[in-house]
There are 2 protein chains.
Amino acid sequence: MRDLDKIDREIIRLLLENSRRPYSEIAAHVDLSAPAVRDRIDRLSELGVIRGFTLDLNTELLRGGVGVLIELAIEPGHATAVADALAALDRVEHRFVTADSTVFVHATLGSGGVSELLDSAVPVDRVRSIDVHLLSEESWSPSITDETQLSIDCVECGNTVTSEGETATIDGTEYHFCCGSCLARFEERYDRFSADA
Amino acid sequence: MRDLDKIDREIIRLLLENSRRPYSEIAAHVDLSAPAVRDRIDRLSELGVIRGFTLDLNTELLRGGVGVLIELAIEPGHATAVADALAALDRVEHRFVTADSTVFVHATLGSGGVSELLDSAVPVDRVRSIDVHLLSEESWSPSITDETQLSIDCVECGNTVTSEGETATIDGTEYHFCCGSCLARFEERYDRFSADA
DNA sequence: ATTGAAATCGGCCTAGC
DNA sequence: GCTAGGCCGATTTCAAT
């Protein structure tokens, strides 16, 4: 498994700035051919590093309601479940889960307010407290630093996959492993599972 | 000034999903010609509703440091200034300013930790307290609802510009006004200012 | 209609086994 | 010496203007 190199980071930087840039323009910047740039972008997409191409909207010019940051203190162990339930909601733009089991939700309220937003999605008995911060300003400016590296977990043991790791495509899906023995163990389990089914 | 219509919102939705979509494909979806779609996207960009085309990166696969949400309680009246200072930092991805003068900053820490990040940018004497939340999960899913409308402030009086408002281009810049008299007042001041200079 | 970009393909080069 | 991965260049198809 190759890590991100300087060129990958530069391509990401250029696409963060303008994702509609033609491959040929990017190619000129990083001194490669257009197909090579495309290959790298495809690879970054398959890896999941690039989740998609999207818009930077100025939400301050759009009025679909009031912007809020909701702070939910959750029973330990249930933060991820609550966060997942919130992910499905249209009005929720960001979710942050903290190490101490608090969920921050950045959302736009409709006329129904906070209760309309949360009631359907959040299991009340797991929530210890709710704090709603009204927002007067929001901004977003994504970036990537020169130190940014890949951080992929081995699907077998959970350790971080280094450049010595291995990648295997099984039934059309790519899986990443930290070492050959994790790959072997995974394949064995996979074969057993497939045979059962 | 025209407001957002159903087609504008559909175009935004399609671009949020994939900003590299060709105009022709969008055109087929909304039943217009490709140039017409282009005109609308240009208009949305000029209005500032679309700030740019960018990437949705999976930060959980990228390791440039530790993700944190920093909560800064600021002296009333200085929140915006502090937020602006933070905007320039590379490691800061989001900033939220609340109505009660708290600034939330979503950032990725380098080896220098929080102090390295904040020391250079934040005037310490304006900060009442700092709270750092370590993040274990982050997610982003932008969307636009059917109720979303434009919300542009009149540059003369600050009121919201409705569909009855007026737009004028002065020295190459577009300005929006809630009514004709605000436009006239603005132009008069502008001429006086230009004459002085 | 013209210009330019995206997609696709065969072949080359390099690193590693 | 063989394989895999990364890149190039040419060509064809499709989009932008």
Side-chain angles (χ1 to χ4, degrees), chain A residues 1-55 144 146 148-152 154-155 161-187, chain B residues 7-8 10-47 49-50 52-56 61-62:
Chain A
M1 254 260 320
R2 232 195 44 215
D3 210 326
L4 295 188
D5 65 12
K6 219 174 159 179
I7 294 181
D8 290 319
R9 284 191 291 262
E10 185 61 19
I11 291 174
I12 290 175
R13 203 170 294 128
L14 290 166
L15 286 174
L16 277 175
E17 220 173 277
N18 176 10
S19 59
R20 284 185 78 88
R21 269 206 171 101
Y23 296 142
S24 51
E25 190 189 321
I26 299 170
H29 268 90
V30 299
D31 215 30
L32 285 178
S33 71
V37 169
R38 187 181 203 272
D39 284 350
R40 278 171 180 260
I41 293 175
D42 285 351
R43 176 173 161 267
L44 291 168
S45 299
E46 265 165 36
L47 270 175
V49 169
I50 293 179
R51 249 196 311 239
F53 305 90
T54 187
L55 289 183
I144 182 169
D146 291 345
T148 305
Q149 295 290 332
L150 270 182
S151 159
I152 293 180
C154 174
V155 293
V161 177
T162 68
S163 41
E164 282 82 43
E166 308 206 5
T167 298
T169 305
I170 303 172
D171 280 352
T173 312
E174 266 203 352
Y175 298 94
H176 301 282
F177 305 90
C178 63
C179 58
S181 58
C182 271
L183 198 178
R185 238 173 292 149
F186 183 86
E187 276 184 322
Chain B
I7 293 180
D8 289 320
E10 186 61 18
I11 291 173
I12 289 175
R13 203 170 295 128
L14 290 167
L15 287 174
L16 275 176
E17 223 173 273
N18 176 11
S19 60
R20 284 186 79 89
R21 269 206 170 100
Y23 295 142
S24 52
E25 189 189 322
I26 299 170
H29 267 90
V30 300
D31 214 31
L32 286 179
S33 72
V37 169
R38 185 179 206 275
D39 286 350
R40 280 175 181 257
I41 294 175
D42 285 351
R43 177 175 158 265
L44 291 169
S45 299
E46 265 165 36
L47 271 175
V49 169
I50 294 178
F53 305 90
T54 187
L55 288 183
D56 178 4
L61 290 185
L62 295 171

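Sequence lines set the chain letters: A, B, ... in the order given, protein chains first and strands last, and positions in each chain run from 1.
When the side-chain nitrogen and oxygen atoms of A:Arg38 are compared with OP1 and OP2 of D:dC7, none of them lie within a distance under 4.0 Å. OP1 and OP2 of D:dG5 both lie 4.0 Å or more from every side-chain N or O belonging to A:Arg43.
Of the residues in residues 11-30 of chain B, those with a non-hydrogen atom less than 4.0 angstrom from any atom of DNA chain D are B:Pro22, B:Tyr23, B:Ser24.
A donor-acceptor pair under 3.5 Å is formed between the side chain of A:Arg9 and the backbone N or O of A:Thr148. Within the 3.5 Å criterion, the main-chain N or O of B:Leu15 finds no donor-acceptor partner in the side chain of B:Asn18.
A straight line from CG of A:Asp8 to C1' of D:dC7 spans 14 Å, rounded to a whole angstrom. Rounded to whole Å, atom C1' of D:dC7 lies 12 Å from atom CG of A:Asp31. Rounded to whole Å, atom P of C:dA7 lies 12 Å from atom CG of A:Asp39. When the P atom of D:dG5 is taken as reference, atom CZ of A:Arg40 falls 15 Å away, rounded to whole Å.
Looking at the side chain of B:Pro35, the nearest of the listed nucleotides D:dG9, D:dT17, D:dC7 is D:dT17.
Annotation: the span from A:Leu55 atom CG to A:Arg20 atom CZ amounts to 9.0 Å, rounded to 0.5 Å. One distance of note links CG of A:Asp3 with CG of A:Asp8; it measures 9.0 Å at 0.5 Å rounding.
Figure legend: cation-pi geometry between A:Arg21 and A:Phe53 absent, as NZ or CZ is not positioned both under 6.0 Å from the six-membered ring centre and within 45° of its axis. Annotation: cation-pi pair A:Arg185/A:Tyr175 absent, no NZ/CZ under 6.0 Å from the ring centroid and within 45° of its normal.
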